[in-house]
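In what follows, chains carry the letters A, B, and so on, assigned in the order in which the sequence lines appear, proteins first and then strands, with residues in each chain numbered from 1. Worth knowing before you read on, the calculation uses all heavy atoms, side chains too, and leaves out hydrogens, waters and symmetry mates.
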Amino acid sequence: MAEGTTIHWFRKGLRIHDNPALLAAIEKIDGIHYELRPVFVLDPWIVKKLRVGPNRWRFLQQALTDLDNNLHSIGSRLYVLRGKPEEVFPRVFLEWRVRKLTFESDTEPYALERDASVEKLARSAGVSVIQKVSHTLYNPESVIHANLGKPPLTYQKMLSVLDSLGPPVCPVATPKDLPQACLPSRGAPGDNTLMVPTLEELGVEEDQLGPCLFLGGETCALQRMRDCLKNKTWVCKFEKPNTSPNSLEPSTTVLSPYLKFGCLSIRTLYHQLKQTIGNASHSKPPVSLIGQLMWREFYYVVAAGTPNFDKMVGNPVCCQVPWDTNPKYLEAWTKGQTGYPFIDSIMTQLRQEGWIHHLARHAVACFLTRGDLWISWEEGQKVFEELLLDADWALNAGNWMWLSASAFFHQFFRVYSPVAFGKKTDKFGDYIKKYLPVLRKMPPEYIYEPWKAPLSVQQKAGCVVGTDYPRRIVLHEDVYKKNIARMSQAYKDNKTDSGVASKRPADKMTSRTKTKK
DNA sequence: TTACAGGTTGTAGGC
DNA sequence: AGCCTACAACCTGTA
């Protein structure tokens, strides 16, 4: 029997289907198979520091459990190591006589740093390292390179660059039964060691959790994808702007949490969508389902090529806006107590269930930033990062900049109404009633604007504004006009570069992307 | 240099 | 229901 092991390090990419780095771990070295040790590293110290709410911890815990099961089905298992990767790996490199380390490339800044350190440690321990790109349809570096060293800053430009690169590569095969030599050996850690953590170990208490509507893991991801693809007409006709932000059941796929953790391969989804559509007439990007995947790709590419992408200051694509610091408004927004039922119901759904419709995100994001409260998008980003099951670094930052008209989107005079927008798709306010039971008996004509109901009506509904439900914290009809003017001024100031941090000229961007490896 | 078209997903009001 | 306009007017990419 061969001496030594190979490690596949799971971080994102929590799946065995379309996992090229996992396949690379199974491949022979110099004609010999080595024992496979699939690993997930849990850093107990960082667990407490991360902005991860209870619902997402649960999702991750479920995803790891499912991954362990799927690895068992091919004769292996998941080993969950505890500690900092930079400390844990050097130890197991020796203990396990590791020959090869494989993992999926990750473009987030903290991950780049972490992976560079681990790679260095691996090399000095004589461990060869293989990285594979499979979290995105294209390698973001290649897209940037094809666009002459800078990330494309418009969606259409992005599409044309991707077009020049050809179609995305096909998914790779799911490993079936592993070769005998790859299976756990007698010297492998025991069955009851290095187990998937419990929720308790992750510091999650039962009473912090909302209902579990989306079970984490590859198995559910693939099932959900299949269910979505069953309805070919729906897939072909899908247009995002025409889906409802406030239906009682999700009007979109809710595959995002699975894509975030890589329980579902983006490439598998892409090719399955293409296959489902076939030759039928169909909607097109940017509004189609394929178009949604391309938005994800867009933000990944820009994020990979932009320093300080999750901040305003020092971010060359971000408009510098003098946002207010207003803890009271921020708290009201975060807790769903703005006094606008549409906004508050969305924030309640977010906290309880961990997923809200994309357009619902628009409504609350616009409200927090340029529309009403004039609070920095970075504050909203933090709240979403904690509460969303699908919280994804690049997409979260990118979309917050979009909604706050700080980047990518510039028509800041288009402001969502916290009253009118929701009415278009939910005239009677059923969604509001679901998430804000206090408004259950409010007549439909007042449910979006309970402050307009006569006191007798409020009393009869058991919901008196100021007592049972908050007064609205701002008057939208007044404040949005002032904010448009402020936004206009901010744009002017950015153009003349007065007073605020550096802006954008194209030459700066070129040098910036060159600093990235 | 300047002009113009287009930009996933605004609102209110009119026909 | 769906389409039109006014509102005030942004940006980027292209010619």
Which whole-number value in Å describes the distance from [X] [atom1] to [N] [atom2]?
{"X": "A:Tyr480", "N": "C:dA9", "atom1": "OH", "atom2": "P", "answer": "12 Å"}
{"X": "A:Met487", "N": "C:dC11", "atom1": "CE", "atom2": "P", "answer": "10 Å"}
{"X": "A:Lys150", "N": "C:dG13", "atom1": "NZ", "atom2": "C1'", "answer": "11 Å"}
{"X": "A:Phe413", "N": "C:dC11", "atom1": "CZ", "atom2": "P", "answer": "10 Å"}
{"X": "A:Phe408", "N": "B:dT9", "atom1": "CZ", "atom2": "P", "answer": "16 Å"}
{"X": "A:Asn399", "N": "B:dT9", "atom1": "CG", "atom2": "P", "answer": "14 Å"}
{"X": "A:Lys492", "N": "C:dA8", "atom1": "NZ", "atom2": "C1'", "answer": "11 Å"}
{"X": "A:Ile484", "N": "B:dG10", "atom1": "CD1", "atom2": "P", "answer": "13 Å"}

With rounding to whole Å, what would you report as the distance between [N] and [M] at their [atom1] atoms?
{"N": "C:dT14", "M": "B:dT8", "atom1": "P", "answer": "14 Å"}
{"N": "C:dA9", "M": "B:dC4", "atom1": "C1'", "answer": "15 Å"}
{"N": "C:dA8", "M": "B:dA3", "atom1": "P", "answer": "23 Å"}

Looking only at side-chain atoms of [X], point me to the closest of [options].
{"X": "A:Gln156", "options": "C:dC11, B:dT11, B:dT8", "value": "B:dT8"}
{"X": "A:Gln411", "options": "B:dA12, B:dT8, C:dC10", "value": "C:dC10"}
{"X": "A:Tyr155", "options": "C:dC10, C:dC11, B:dT8", "value": "B:dT8"}
{"X": "A:Thr154", "options": "C:dG13, B:dT9, C:dC10", "value": "C:dG13"}
{"X": "A:His410", "options": "B:dT11, C:dC10, B:dT9", "value": "C:dC10"}
{"X": "A:Trp402", "options": "B:dT9, C:dC11, C:dT14", "value": "B:dT9"}
{"X": "A:Tyr416", "options": "C:dG13, B:dT8, B:dG10", "value": "B:dG10"}
{"X": "A:Val287", "options": "B:dT9, C:dC11, B:dT8", "value": "B:dT8"}

A:Lys434/A:Asp426 ion pair, N-O < 4.0 Å:
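Looking at A:Asp426 together with A:Lys434, the answer is no, because their closest N to O distance does not fall below 4.0 Å.
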Charged tip of A:Arg471 within 45° of A:Trp451 ring normal and under 6.0 Å =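 Ring-cation test returns no.
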**Message:** Stacking between A:Trp295 and B:dT8, defined as ring centres under 5.5 angstrom apart with planes under 30°, is that present or not?
**Reply:**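 By the stated criterion, A:Trp295 and B:dT8 stack.
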Nucleotide paired to C:dA15 in any strand shown, Watson-Crick or G-U, under 3.5 Å
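B:dT2 - that is the nucleotide pairing with C:dA15, both distances being under 3.5 Å.
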Pairing partner of B:dT8, by Watson-Crick or G-U wobble and under 3.5 Å for both distances, is none
Base, sugar-phosphate, or nothing: which does A:Phe421 touch, judged by heavy atoms less than 4.0 Å apart?
sugar-phosphate
Note to self: Applying a 4.0 Å non-hydrogen cut-off, can you work out what A:Tyr491 is touching in the nucleic acid: base, sugar-phosphate, or nothing?
What the structure shows: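 Sugar-phosphate: the residue A:Tyr491, judged by heavy atoms under 4.0 Å, touches backbone atoms but no base.
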For this session: With A:Glu218 as reference, evaluate A:Thr174, A:Asn19, A:Asn70 under the side-chain hydrogen bond (donor to acceptor under 3.5 Å, both in side chains) test and give the passing residue.
Result: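 The single option meeting the side-chain hydrogen bond (donor to acceptor under 3.5 Å, both in side chains) with A:Glu218 is A:Asn70.
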Q) Is the distance from OP1 or OP2 of B:dT11 to the nearest side-chain N or O of A:Lys424 less than 4.0 Å? A)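 Yes.
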message: I want to check something: taking the side chain as every heavy atom from C-beta on, are A:Asp390 and A:Leu259 in contact at a cut-off of under 4.5 Å?
response: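 In short, these two side chains do not touch, never coming nearer than 4.5 Å.
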| message | Tell me whether the rings of A:Trp402 and A:Trp295 are parallel (<30°), tilted (30 to 60°) or perpendicular (>60°). | response | perpendicular
With a sphere of 6.0 Å drawn around NZ of A:Lys423, does it hold more than 12 non-hydrogen atoms of other residues, nucleotides or ligands? yes
